[in-house]
Amino acid sequence: MTSSRSTSSAYRGRFAPSPTGPLHFGSLVAAVGSYLEARSRHGKWFVRIENLDPLREVPGASDEILSMLDVLGMEWDGEVVYQNQRHTLYKAALTTLERQHFIYACTCSRKEIADSTIMGIDGPVYPGTCRGVSLHKGRPGAKRLRTDNQPIEFSDALQGRFRQRLDSAIGDFVLQRADGVFAYQLAVVVDDAEQGVTHVVRGEDLLNSTPRQIYLQQLLGYPIPSYLHLPVVVNASGEKLSKQTRAARINVSDPVRQLIKAIRFLGQRPPSELINENIASFWKWATENWKQEMIPRKTAEIC
Ligand code: GLU
Ligand code: ZN
């Protein structure tokens, strides 16, 4: 793990798509925002495919995402990391937490949890039913992490101060499902630390997850990266663009047009002549003229 993070050349960013489909305009914005934050500071930019859940992975989607990035002229550093090849790392982190008695096995059904009367910001708050049950080897169930009432606070580079109490907003959360699949919250923290990521730039829909990740970083003794949560793209009905809302794949036969649209969405003001330029000239302009302070905070609609 790299330890020196003080100079701008030590900037290490990443783009971490889930391979549930090809890039759509929402994921393009996250890719472009993280890329320009990194490259404008002469930093590194890594790509990590978040394919933890084999049931959600769409065959061919990872390769498609990577070839789209390639056509868009977005060059990543090092090898692409695939989460499905890193179970040993996640298991080791879970074991560390188990040794510290932060983990317990939960055998509650989805229905029992849904019946919890308390709603949190991300679904029902787990009422802690299985907390007292000891975790002896082989007890089946999901592995949950104990939370407490200490507020987690951080300053997002765009969204400002953010504060959350995990016990009331989220509850004890799952790090490994009963079927063995590791949770996004655990894997993302292990990978960001293992890859030496200093700056996380991603969509604002993940702002609510950040306190869970900071909590895990604290427990595991990892450095806490800087966070910047970009505005998310919504469709005309106000839904976040995603595979579920049937967001259209971006048309990479006209990459510069797509890229200009993405940086405009991020508040940049490219000159109109840029549309006639090639990809290399686009990136040169975009990197040299990138202004973080122009990114709008609010979720914005795209037609
Ligand atoms: N894989 C997550 C997604 O596609 C992003 C995770 C992250 O950037 O932390 O929504
Ligand atoms: Zn339970």
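One-based numbering, in listed order, for ligands and for the atoms of each. Note: hydrogens, waters and symmetry copies are ignored here, and every other heavy atom, side chains too, is used. Being a predicted model, the structure only gives us computed values, none of them experimental.
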Region of Val200 engaging ligand 1 - heavy atom pairs below 4.0 Å
neither
Has Arg144 got its NZ or CZ under 6.0 Å from the middle of the six-membered ring of Tyr126, at an angle within 45 degrees of the ring axis?
yes
What protein heavy atom sits nearest atom 5 (C) of ligand 1, and how far off is it?
Ala16 O, 3.3 Å
Cationic tip of Lys261 within the cone over Phe25's six-membered ring, i.e. under 6.0 Å and within 45° of the normal?
yes
Closer than 2.8 Å to the Zn ion (ligand 2), which protein N, O or S atoms?
Cys106 SG, Cys108 SG, Tyr126 OH, Cys130 SG
Holding to side chain to side chain contact (heavy atoms under 4.5 Å, CB included), I want the full list of residues that pass it with Ala61, two or more places apart in sequence or in another chain.
Pro19, Val58
Per-atom contacts, ligand 1 versus Tyr184 - under 4.0 Å to a heavy atom:
6 (C), 7 (C), 9 (O)
Which of the atoms in ligand 1, numbered in the order shown and given with their element, are less than 4.0 Å from a heavy-atom of Val188?
9 (O)
Out of the candidates Leu186, Ile103, Ile170, only one should pair with Leu145 under the side-chain contact (heavy atoms from CB on, under 4.5 Å) rule; please name it.
Ile103
Under 3.5 Å donor-acceptor, Asp172 side chain and Gly128 backbone
no
Using modelled atom types and a 3.5 Å cut-off, is there a donor and acceptor pairing between side-chain atoms of Asp77 and backbone atoms of Phe46?
no
N/O to N/O below 3.5 Å, does that happen between Asp205 and ligand 1?
no
Quick check: does any side chain N or O of Gln159 sit under 3.5 Å from a backbone N or O of His229, one acting as donor and the other as acceptor?
yes
Under a 4.0 Å N-O cut-off, is there an ion pair linking Arg212 with Asp122?
yes
Can you tell which part of Phe15 has a heavy atom less than 4.0 Å from ligand 1: side chain, backbone, both or neither?
neither
Nearest non-hydrogen protein atom, atom 6 (C) of ligand 1:
Glu50 OE1, 3.2 Å
So which heavy atom in the protein is nearest atom 10 (O) of ligand 1, and how far is it from that ligand atom?
Leu206 CD1, 4.2 Å
For atom 4 (O) of ligand 1, what's the nearest protein heavy atom and its distance?
Ser18 OG, 3.2 Å
Which pair of heavy atoms, one from Leu274 and one from Ile260, lies closest together, and at what distance?
C-CD1, 3.8 Å
Any Arg14 heavy atom less than 4.0 Å from ligand 1
yes
Would you say Trp45 and Arg14 make side-chain contact, with heavy atoms under 4.5 Å?
no
Note: Arg146 and Tyr215 closest approach over all heavy atoms is O-OH, 2.6 Å
